[in-house]
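Step one of this worksheet: look at the structure below.
First the proteins, then the strands, lettered A, B, ... as listed; each starts at 1. Every heavy atom of this structure was used, including side-chain atoms; hydrogens, water molecules and symmetry mates were not.
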Amino acid sequence: MTTTTPAKRKPRLAINFRQYGILAALVVIIVLFEVLTKGRLLLPGNVNNLIQQNAYVLILAIGMVVVIIAGHIDLSVGSVVAMVGAVSAIATNQWGFPWWAAVLLALVVGAVVGAWQGFWIAFVGIPAFIVTLAGMLIFRGLTLVLLTGGTISGLPDSFTAIGAGWLPGILGELGGRDTLTLALGAVTCIALVAQQLRTRATLRRLELPMESIVQMAVKSGIAVIAIMWLSWLLSGYRGTPIILIVLAVLILGYTFLLNQTVFGRHVYAIGGNLFAAMMSGVKTKWVNFYVFVNMGVLAGLAGVDSTARAGGAVASAGQNYELDAIAAVFIGGAAVQGGVGTVVGAIVGGLVMGVLNMGLSILSVDAAWQMAIKGLVLLLAVAFDIFNKRRSGGR
Amino acid sequence: MNGPILRMIDIGKEFSGVKALDSVTLEVERGKVHGICGENGAGKSTLMKVLSGVYPHGNYTGTIEFEGEEAQFRSINDSEAVGIVIIHQELALSPYLSIAENIFLGNENATRGVIDWNKTNLEAASLLARVGLDENPATKVLELGVGKQQLVEIAKALSKRVKLLILDEPTAALNDEDSDHLLDLIEHLRGQGITCIIISHKLKEIRRIADTVTVIRDGKTIETIDMHGPDATQARIIRSMVGRDLNSMFPPREPKIGAEILRVEDWNAYHPVDTARKVVDNASFTVHAGEVVGFAGLMGAGRTELAMSIFGRSYGTNITGRVFKNGEEISVRTVDEAIRNGIAYATEDRKKYGLNLIGDITVNVSAAALATLARFGVIDRHREYKVADEYRRRMNIKAPSVSSITGQLSGGNQQKVVLSKWVFTGPDVLFLDEPTRGIDVGAKYEIYGIINELAAAGKAVVVISSELPELLGISDRIYAISEGRITGEVAAKDATQESLMHLMTAGKD
């Protein structure tokens, strides 16, 4: 079977099937609620809210997917969000920090928290479940200390814009729609197609296997339609949410980190087989440490976002955020044992939960039932995944 | 009742086309100690798994007769119900439970789910007395040494009214004193009418305790020796264990041996948990460029431990000794350091230590040398793919593409992926630990070819193996290792399987 012609199949297509499966589920859920809500789900204002309301979950899910691929878990992120939110509110409201300094401070605090937990997990060897369970209590307690039981509101607009603002319409309007948003959509599409063509050219030059031109065209076509449709909707509301830009950068950046860098590969290697990674010379302790530092930084960013969006800090902020993020990652196809997962999957998983939330709210389903339904969806998504794996004869 | 207690007739067992057992016949007399000898991989453990129902009836061919009746065990529970108990080399006790709780685990003295602790502890105490273990039944098992744990296992077997006790390498992890005590106990149990099958590599023990010995080789019964007969010598057992045909199993090779590359001096290592136990005892050896050096030793002799403790201290504690490369002393305190010093170690346990089984061939091939494929921490994935594909062809890894998941490859192909990974690190010295374990003959031949190529390219290759024909067939020089010590060094052309086996079973006395 030593074929000399390289296989025509694009590498990793088989693994991606899991992701396509959950993507299909997202589409089905969107269509379902669009019908059930008689077209209200996809009103421009609702789409805008879907992004702004769920940004924190998506940011946390990006950090959490890295943690889970490495074979750990982080239960503390909700408390870290609350504490960082308190710190950033105090910085802007009481110390008069400009917005960027407050954000910087928040990220540093997040990193310190991550380093603290990473130290115990990576170098002392205490399971992440325990360390972050303790962290959940520690940082919730510290939040209460910082806020002394009260709340801090009255944050400057420049800060709240991060979570609840839009890019200014500097290009004016086009037929009553924000031109900048449409232009951003168009530029993204062009960049995407150009990138695809460039990769293809490289693959051809190096005589590496690639997907067929039809396959590529269909995929790019779908992506272009989705992006333009999103920018069309948003341009008809108030333009591009600032947090959407932040999210886009994070998604691209972390996909690159996990797929193209040595660090990312080491994360997968540790989750896939810790001993084999050690015996291959991977500095497993340091990788684990940085995985948690990274989670801390992203929890800090999520803290900024949710505080900005709420317009103030309260001690009860961020409750159950860790569960939302963990659910998003597992719905997105990550494996509990580690070694498997993608940023895009986690984002899609987060959106599934977000659409469910919004659709059920529009239908005025009781909050108690909403929770029960979300729990069932998580269970079924993972069950479906395990069923699929068994059928395909994997391990 | 008369006649043999156990008859296994014409037992055969296949694993995905590979014959592990091929018509084995075994007859065990009532009230005797019956030894089973054979090289690693000869089929001893598989045979015992067939007997104890781990491989259920229908999964093997042939018949088992126990106490004159045909037995069709579907699980371990079935075999235990008639009085067959197996004690594995890896003890199966729960460390945080007490001795009494362990003895009756799964077999509790209970009425309607409520345990009668007085009865449990009393019965446990009388069982402990029978096996000669002077401990409180309430003591937690983790407070006991391995030797005493072994006795708890036997007490547990006695509690099940055992008629046939099977011990798989019972003394492998024991010191001399504990071993003596255990052998005394087995003789004592024989006096009480309990039949015993003992699997052991330690021929001295077998000679002391066994009434009969059956030798198994390549999944076949070779002979059964009456140990009270006139010619029941260690030499005869060894001859039966190894007497095998060697023709044309190995690709030809012209050795071109150059300068010394690696020298290890006075290497010592202790067991990571039982830190008083010396696992590698003052080992010194050298390897030259273009040379294939074999390490012969039975399982547990310390060969893997020697290699792993050198490779970035991946095994053991209190490691001492010096490593020289090209005449200069080097430090190999971490795996990373070892790799950077041009040392590679391909593990004997590829599933546990060698491969990311959920990863594809590409990520496994590049895993130990990612840095060479990256600039500023960013991997050149196109080049990575090309490298993996090149190794797929060069090593003849049979897979549709390098995107195939390694967990779904056959053992031989997995082994080739492991070898690719280490060859890609560009090593000067390769330690290959059991490179052909569990793979079929064709793949073995290919791997011997790869070893020859590496040596021809001027690399120093160390092959650790328990298959003597393999070592004799591919090595230039062989070190024998027994109980952590290097007990001999011979040129392969002067060595025979018998002479090696004598060195490998050389005791401390």
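For E337(B), no part lies under 4.5 angstrom from a heavy atom of chain A. Only the backbone of Y268(A) comes within contact range of chain B, with at least one heavy atom under 4.5 Å from a heavy atom of that chain. Neither the backbone nor the side chain of F376(B) has a heavy atom closer than 4.5 Å to any heavy atom of chain A.
Residue pairs meeting the salt bridge (charged side-chain N to carboxylate O under 4.0 Å, His left out) criterion with at least one partner in residues 421-431 of chain B, sequence neighbours excluded, are K325(B)-D428(B).
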Trace of the side chain to side chain contact (heavy atoms under 4.5 Å, CB included) decision for L370(B) with H266(A): CA-CA 9 Å; L370(B) 260 188; H266(A) 284 174; 3.9 Å; yes
Check against side chain to side chain contact (heavy atoms under 4.5 Å, CB included), M278(A) and V335(B): CA-CA 7 Å; M278(A) 278 179 185; V335(B) 172; 5.8 Å; no
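Other residues, nucleotides and ligands contribute only 12 or fewer heavy atoms inside 6.0 Å of the CD atom of E328(B). Heavy-atom neighbours of Y290(A) OH from other residues, nucleotides or ligands within 6.0 Å: at or below the threshold of 12. Around CZ of F129(A), the count of heavy atoms belonging to other residues, nucleotides or ligands within 6.0 Å does not exceed 12.
With hydrogens and angles disregarded, a donor-acceptor distance shorter than 3.5 Å links the side chain of K386(B) to the backbone of L206(A). Between the R265(A) side chain and the S366(B) main chain, no donor and acceptor come within less than 3.5 Å of each other. The backbone N or O of L357(B) lies less than 3.5 Å from no partner atom in the side chain of N273(A), so there is not a single donor-acceptor pair. A distance-only check finds no donor-acceptor pair linking the side chain of N356(B) to the backbone of A269(A) [under 3.5 Å].
Between atom OG of residue S280(A) and atom CD1 of residue I339(B) there is a gap of 6.5 Å, rounded to the nearest 0.5 Å. Interatomic distance, R381(B) CZ to T202(A) OG1, rounded to the nearest 0.5 Å: 13.5 Å. Rounding to the nearest 0.5 Å gives a distance of 9.0 Å between CD of Q260(A) and CG of D380(B). Here the OG1 atom belonging to T347(B) is positioned 11.5 Å from the CZ atom belonging to F275(A), to the nearest 0.5 angstrom.
Legend: residues meeting ring-ring contact (aromatic ring centres under 6.0 Å, His included) with W120(A), ordered by chain and number and at least two apart, are W116(A).
Here the closest heavy-atom approach between residue F311(B) and residue M279(A) is recorded as CE2-O, 3.6 Å. Taking all atoms of both residues into account, the shortest heavy-atom contact from A276(A) to G354(B) is CB-C, 3.9 Å.
The shortest side-chain heavy-atom distance between T261(A) and I379(B) does not fall under the 4.5 Å cut-off.
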